[in-house]
Amino acid sequence: MLVLGIESSCDETAAAVVESSGGRPLIRSNVVASQIDIHRHFGGVVPELASRNHLKMILPVIEEALTRAGVGLGELSGIAVTQGPGLIGSLLVGFNVAKSLSLASGVPYRAVSHLESHIFAAMLESELEFPFLGLVVSGGHSSILWLEKLGQYITLARTRDDAVGEAFDKIAKFLRLGYPGGPAIEKTALSGNPRSFSFPRAVMKDRSLDFSYSGLKTAVILETRKHSLPLPPSRLSDLAASFQEAAVDMIISRVEGALRLKGTNQLVVSGGVACNTRLRERLAELSRSLGVRLLLPSPHLCTDNGAMVAMSGLLYLQAGMTSPLDLNAYPIEAFHSADKKN
Ligand code: KG4
Ligand code: ZN
């Protein structure tokens, strides 16, 4: 099977071809056109600019993915595309192109969720059987899912305000560290002391596993305002390290709670923030102590890419599940909409 995956939910226009001939899927091509340089100036993603640039890049990126894979459109077994969640204007670009390609070529298409795709990225590198726990930590999401079987998921936790990557980006912007904020904070934190500042770790009163990053963000901003900017490099590093440690602590406590709740021994963690070295270390420690098998995709498969979308599509197409052409994209988490009309 040869599947083309198309991703345009945020600020990366991405397409990839993944092949499966029984064993581990093979990534034949994986093309990502990043818009980082466009949004850097604003310190965050500007939705209207993102949509316009997807429009400009989507066809060249798809053509490049097919060329690098040495595959013609008609040779594909299927086309997979991100239906949501994400920025609606951005999603519509990839979604409508995928449906048009399907209609024109007769190749079936499958709408997939951005969150399941982040998690299924792990299957590009490792064997993985349902059920398992999945954590997606990115610029738009902080969600813990219980993946019972293909298309059947329970959301155990989501964020009540900012996503964790969004908090990294906003704090980096405030501290004038550059964009995207995650890698900038991680680099600045390297020489800092994570115990210099005791920032709050949010705990939900109702004992839910939901995330909240607004309190931490406010605490860092209030602390910074006590000093004149720019901060001396050592203070800046201490602040970045203390923020990062608090952000990671909140992830670890929720994941531990969810692992205990489900009594599972398989955990997949993905999304852009899963590139963070400190988070990867802490997850490895937690998994070791609980005897859990941890699957962390390589960093280039944790950030938005087309291969993870193709991987999701492969699973659905192998199960004979295609999508009707009258579906629409959706901006917020809604796992079952891809199957509503099947
Ligand atoms: O998954 P992704 O590429 O896009 C979304 O679906 O949102 O994630 C991008 C996010 C950004 O917020 C970025 O700052 C964050 O991932 N990120 C990191 C690191 N690398 C990327 N956050 C913390 N540490 C990193 N090393
Ligand atoms: Zn993402």
Side-chain angles (χ1 to χ4, degrees), residues 1 3-10 12 14-16 18 20 25 27 30 78-87 90-91 94-95 98 109-159 163 165 255 258 262 264 266-274 295-297 301-323 327-340 342:
M1 268 193 142
V3 178
L4 169 70
I6 300 174
E7 156 64 35
S8 72
S9 68
C10 190
E12 326 277 8
V18 169
S20 167
I27 301 175
N30 196 11
I79 298 169
V81 63
T82 308
Q83 187 184 10
L87 300 171
S90 292
L91 286 161
F95 201 60
Y109 99 105
R110 172 71 204 190
V112 301
S113 129
H114 186 67
L115 295 184
E116 69 183 343
S117 298
H118 266 306
I119 291 170
F120 294 152
M123 295 187 186
L124 292 162
E125 297 181 321
S126 316
E127 295 283 320
L128 179 61
E129 299 286 335
F130 291 99
F132 53 88
L133 197 74
L135 165 72
V136 180
V137 272
S138 71
H141 314 282
S142 307
S143 295
I144 302 179
L145 309 177
W146 175 244
L147 296 99
E148 187 71 44
K149 57 183 189 183
L150 185 61
Q152 201 171 306
Y153 318 129
I154 297 168
T155 302
L156 298 176
R158 55 163 63 96
T159 184
V255 171
K262 299 312 287 185
T264 180
Q266 292 197 105
L267 169 66
V268 178
V269 181
S270 193
V273 182
L295 287 97
L296 274 166
L301 295 174
C302 281
T303 49
D304 289 350
N305 64 86
M308 67 185 197
V309 178
M311 183 65 233
S312 293
L314 200 59
L315 296 177
Y316 283 105
L317 293 163
Q318 279 169 342
M321 297 165 81
T322 58
S323 298
L327 287 186
N328 212 343
Y330 58 85
I332 52 167
E333 220 168 279
F335 286 118
H336 302 294
S337 87
D339 286 319
K340 257 187 198 153
N342 269 5

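We number each residue from 1, following the sequence as shown.
For the side chain to side chain donor-acceptor pair (under 3.5 Å) test, residues two or more places apart in sequence or in another chain that qualify with His114 are Glu7, Ser9, His118, Asp304. Remark: Glu125 pairs with Pro297, Ser298, Leu301 by the side chain to side chain contact (heavy atoms under 4.5 Å, CB included) rule, at least two apart or across chains. For Thr159, there are no side chain to side chain donor-acceptor pair (under 3.5 Å) partners two or more places apart in sequence or in a different chain. The side chain to side chain contact (heavy atoms under 4.5 Å, CB included) test applied to Ala80 returns Val3, Val309, not counting sequence neighbours. In this view, Ser143 and Glu333 satisfy the side chain to side chain donor-acceptor pair (under 3.5 Å) rule, not counting sequence neighbours. For Thr303, the side chain to side chain contact (heavy atoms under 4.5 Å, CB included) criterion is met by Cys275, not counting sequence neighbours. Listed by chain and number, the residues in a side chain to side chain contact (heavy atoms under 4.5 Å, CB included) with Ala163 are Ser142, Glu166 (sequence neighbours excluded).
A distance of 13.0 Å separates CG of Leu145 from CD of Gln152, quoted to the nearest 0.5 Å. A distance of 4.0 Å separates CG in Leu327 from OH in Tyr109, rounded to the nearest 0.5 Å. Here Lys149 contributes atom NZ and Phe132 contributes atom CZ; the two are 14.0 Å apart, rounded to the nearest 0.5 Å. One distance of note links CZ of Phe130 with CD of Glu148; it measures 10.0 Å at 0.5 Å rounding.
Side-chain contact between Ser270 and Cys302 is present, with heavy atoms from C-beta onward closer than 4.5 Å. Two residues are said to be in side-chain contact when any heavy atoms from C-beta on lie closer than 4.5 Å; Ile119 and Tyr153 fail this criterion. Looking at Ser113 and Tyr330, their side chains come closer than 4.5 Å, going by heavy atoms from C-beta outward.
Closest approach of Ser8 and Gly94 over heavy atoms only: OG-N, 3.1 Å. Of all heavy-atom pairs between Gly272 and Ser138, the closest is N-CB, 3.9 Å. Shortest non-hydrogen contact noted between Thr264 and Trp146 is CB-CZ3, 3.6 Å. Residue Glu127 comes nearest to Leu295 through the heavy atom pair O-CD2, 4.2 Å, listed as atom of the first residue, atom of the second, then distance. Ala111 approaches Phe95 most closely through the heavy-atom pair CB-CE1, 3.7 Å. Between Ile144 and Ala258, the closest heavy-atom pair is CG2-CB, 3.8 Å.
At distances below 3.5 Å, not a single donor-acceptor pair connects side-chain atoms of Gln266 with backbone N or O atoms of Leu133. Not one N or O on the side chain of Tyr316 forms a donor-acceptor pair closer than 3.5 Å with the backbone of Leu314.
In summary, of the residues considered (Val112, Asn305, Val136), a side-chain contact (heavy atoms from CB on, under 4.5 Å) with Ser117 occurs for Val112 alone. Each of Met123, Arg110, Glu116 was compared with Ser312 under the side-chain contact (heavy atoms from CB on, under 4.5 Å) criterion, and only Glu116 meets it.
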